[in-house]
Amino acid sequence: MEKTVPEPLLVATDLYKIFPLAATWFARRQLLQAVTGVSLSLLAGETLGLVGESGCGKSTLGRLLLALMPPTRGEVRFAGQNLWKLPKDRLRQLRQKMQIVFQDPYASLNPRLTIRHILEEPYIIHKLGTKQQRLDWCEKLLHDVGLPSEALHRYPHEFSGGQRQRLGIARALALSPELIVADEPVSALDVSVQAQILNLFNSLKEKMGLTYLFISHDLSVISHMSDRIAVMYLGRLMEVAPRQRFCHRGLHPYTEALLEAAPDADPGRRLPAPRLKGDPPSPLQVPSGCPFHPRCPEAEPRCRDTFPEFRQVGPHHWLSCHLR
Ligand code: SF4
């Protein structure tokens with residue numbers, strides 16, 4: 001029987017986000033290139049992991065995909081509709097289908113409101129249900145994320161970090177989204193709690209048919225969660241490949257460096273010398289040509305002048321390097 005390929009739920013084409021920074025006494029007006037020429041798609045029901053060092057533009061890209069900020073250039077299509085060409089009320093409706101889970105749930109939960117108020121708010125804003133229906137829905141949300149219904153009467157500060165992240169997930173689920181962008185959702189949690197939250201994400205995906213963009217700087221988290229992995233460096237995608245592909249060599253030099261820098265589960269194994277030296281350059285001064293060339297152990301003279309095309313090198317495998 002022929003295998004059906006899932007439809008893309010979201011397609012981003014040639015996305016740019018450039019932030020102009022105001023001039024000061026010491027510096028002229030500068031342009032911060034947060035996202036540069038990113039094209040990618042998210043298939044319905046998949047988890048796409050987005051990994052890269054902090055400050056590489058991952059979170060900005062996540063917000064662009066959710067239409068939380070307009071791109072400087074390029075377009076985002078969700079369920080076939082160009083988000084920034086839609087009338088405002090239609091965009092508002094579609095946003096119900098796209099939600100975000102933040103790294104720090106405490107900062108995103110109003111400390112003065114009870115959990116019932118917090119969970120009920122999206123239903124009230126969108127004028128959904130009666131008072132009793134909204135209460136029932138809130139209780140179900142808590143049940144779905146593994147919290148008791150008594151939690152409704154408590155305040156955010158009465159919960160542990162892991163429980164607060166469960167509440168953040170419950171709130172993201174309130175309007176029955178199809179796509180969730182999870183932005184470093186476990187990086188503020190203890191390692192023991194991280195696994196529980198990752199398992200919760202996986203079981204909710206299976207139960208509700210969700211699609212995730214999972215953002216993290218931690219390659220082990222991304223490898224655990226993702227069907228495909230996208231690697232970002234200084235605002236550009238360096239590589240997109242199925243997770244299994246990451247177990248083999250022949251990847252982008254930056255991906256290889258990230259893999260070598262990732263902690264190994266076997267403490268007795270001797271690790272190779274790290275290939276990645278120094279910090280990434282500032283997004284205010286992106287190097288010419290391939291932006292990775294100042295740190296790349298394989299850089300050639302042409303890498304300094306020409307940006308390598310983002311091209312397909314295998315089934316569902318794209319990368320941007322002159323040598324691979
Ligand atoms: Fe390294 Fe050149 Fe490939 Fe960039 S294009 S990753 S600098 S080899």
Side-chain angles (χ1 to χ4, degrees), residues 12-18 31-41 48-62 64 72-74 213-223 226 228-264 271-324:
T13 311
D14 206 21
L15 272 187
Y16 283 76
K17 186 68 190 180
I18 298 169
L31 297 175
L32 189 149
Q33 293 184 39
V35 172
T36 308
V38 168
S39 296
L40 58 77
S41 58
L48 176 67
L50 182 59
V51 68
E53 290 163 285
S54 89
C56 73
K58 306 183 294 292
S59 296
T60 305
L61 178 58
L64 289 173
T72 308
R73 206 171 98 192
L213 176 70
F214 213 88
I215 299 175
S216 177
H217 67 279
D218 185 339
L219 194 54
S220 53
V221 167
I222 288 292
S223 309
S226 311
R228 286 188 304 142
I229 299 175
V231 180
M232 199 166 178
Y233 186 78
L234 273 182
R236 287 193 182 265
L237 285 186
M238 294 283 117
E239 181 159 25
V240 179
R243 181 186 46 187
Q244 298 81 346
R245 188 78 194 116
F246 277 74
C247 304
H248 303 287
R249 292 283 129 182
L251 298 165
H252 191 281
Y254 179 56
T255 310
E256 287 190 341
L258 285 180
L259 283 168
E260 283 172 10
D264 197 285
L271 293 172
R275 292 156 56 99
L276 202 50
K277 295 197 170 65
D279 295 323
S282 161
L284 288 169
Q285 285 169 333
V286 177
S288 60
C290 171
F292 186 52
H293 83 254
R295 301 170 82 195
C296 179
E298 298 170 40
E300 294 184 344
R302 62 176 161 161
C303 304
R304 260 174 248 133
D305 307 322
T306 322
F307 181 77
E309 187 195 347
F310 193 61
R311 65 189 203 290
Q312 188 160 14
V313 293
H316 310 289
H317 187 182
W318 295 73
L319 62 72
S320 171
C321 174
H322 290 306
L323 303 188
R324 303 290 167 90

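Along the sequence shown, residues carry numbers from 1. Numbering of ligands and ligand atoms starts at 1, following listing order. This is a predicted model, so every value here is computed, not measured.
Minimum heavy-atom separation, Ile215 to Ser59: CD1-CA, 4.4 Å. Here the closest non-hydrogen pair linking Cys321 and His252 is CB-CD2, 3.8 Å. Counting all heavy atoms, side chain and backbone alike, Ile222 lies closest to Phe214 at CD1-O, 3.2 Å.
Look at Cys303 and atom 2 (Fe) of ligand 1: an N/O/S atom of the residue is under 2.8 Å from the metal. Here Cys296 meets the criterion, with an N, O or S atom under 2.8 Å of atom 1 (Fe) of ligand 1.
Those atoms of ligand 1 that come under 4.0 Å of a heavy atom in His322, given as number and element, are 3 (Fe), 5 (S). Residue Leu323 has at least one heavy-atom neighbour below 4.0 Å for each of these atoms of ligand 1: 8 (S). Taking a cut-off of under 4.0 Å to the non-hydrogen atoms of Pro253, the atoms of ligand 1 that pass are 6 (S). Close contacts of ligand 1 with Pro308, meaning ligand atoms under 4.0 Å from a residue heavy atom, involve 5 (S). Set against the non-hydrogen atoms of Cys321, the atoms of ligand 1 under 4.0 Å away are 3 (Fe), 5 (S), 6 (S), 8 (S).
Checked for salt-bridge contact, Arg295 and Glu53 meet the test: a charged N lies under 4.0 Å from a carboxylate O.
Inspection of the Asp218 and Ser220 side chains reveals an N or O donor paired with an N or O acceptor under 3.5 Å.
Just one of Glu239, Arg228, Gln312 meets the side chain to side chain contact (heavy atoms under 4.5 Å, CB included) condition when paired with His317; it is Glu239.
Below 30°, between 30° and 60°, or above 60°: for Phe292 and Tyr233 the angle between ring planes is above 60°, a perpendicular geometry.
At a 4.0 Å cut-off, not a single heavy atom of Glu300 sits close enough to ligand 1 to count as contact. Put simply, part of His252 is less than 4.0 Å from ligand 1, judged by heavy atoms.
For atom 4 (Fe) of ligand 1, the closest heavy atom belonging to the protein is Cys290 SG, 2.4 Å.
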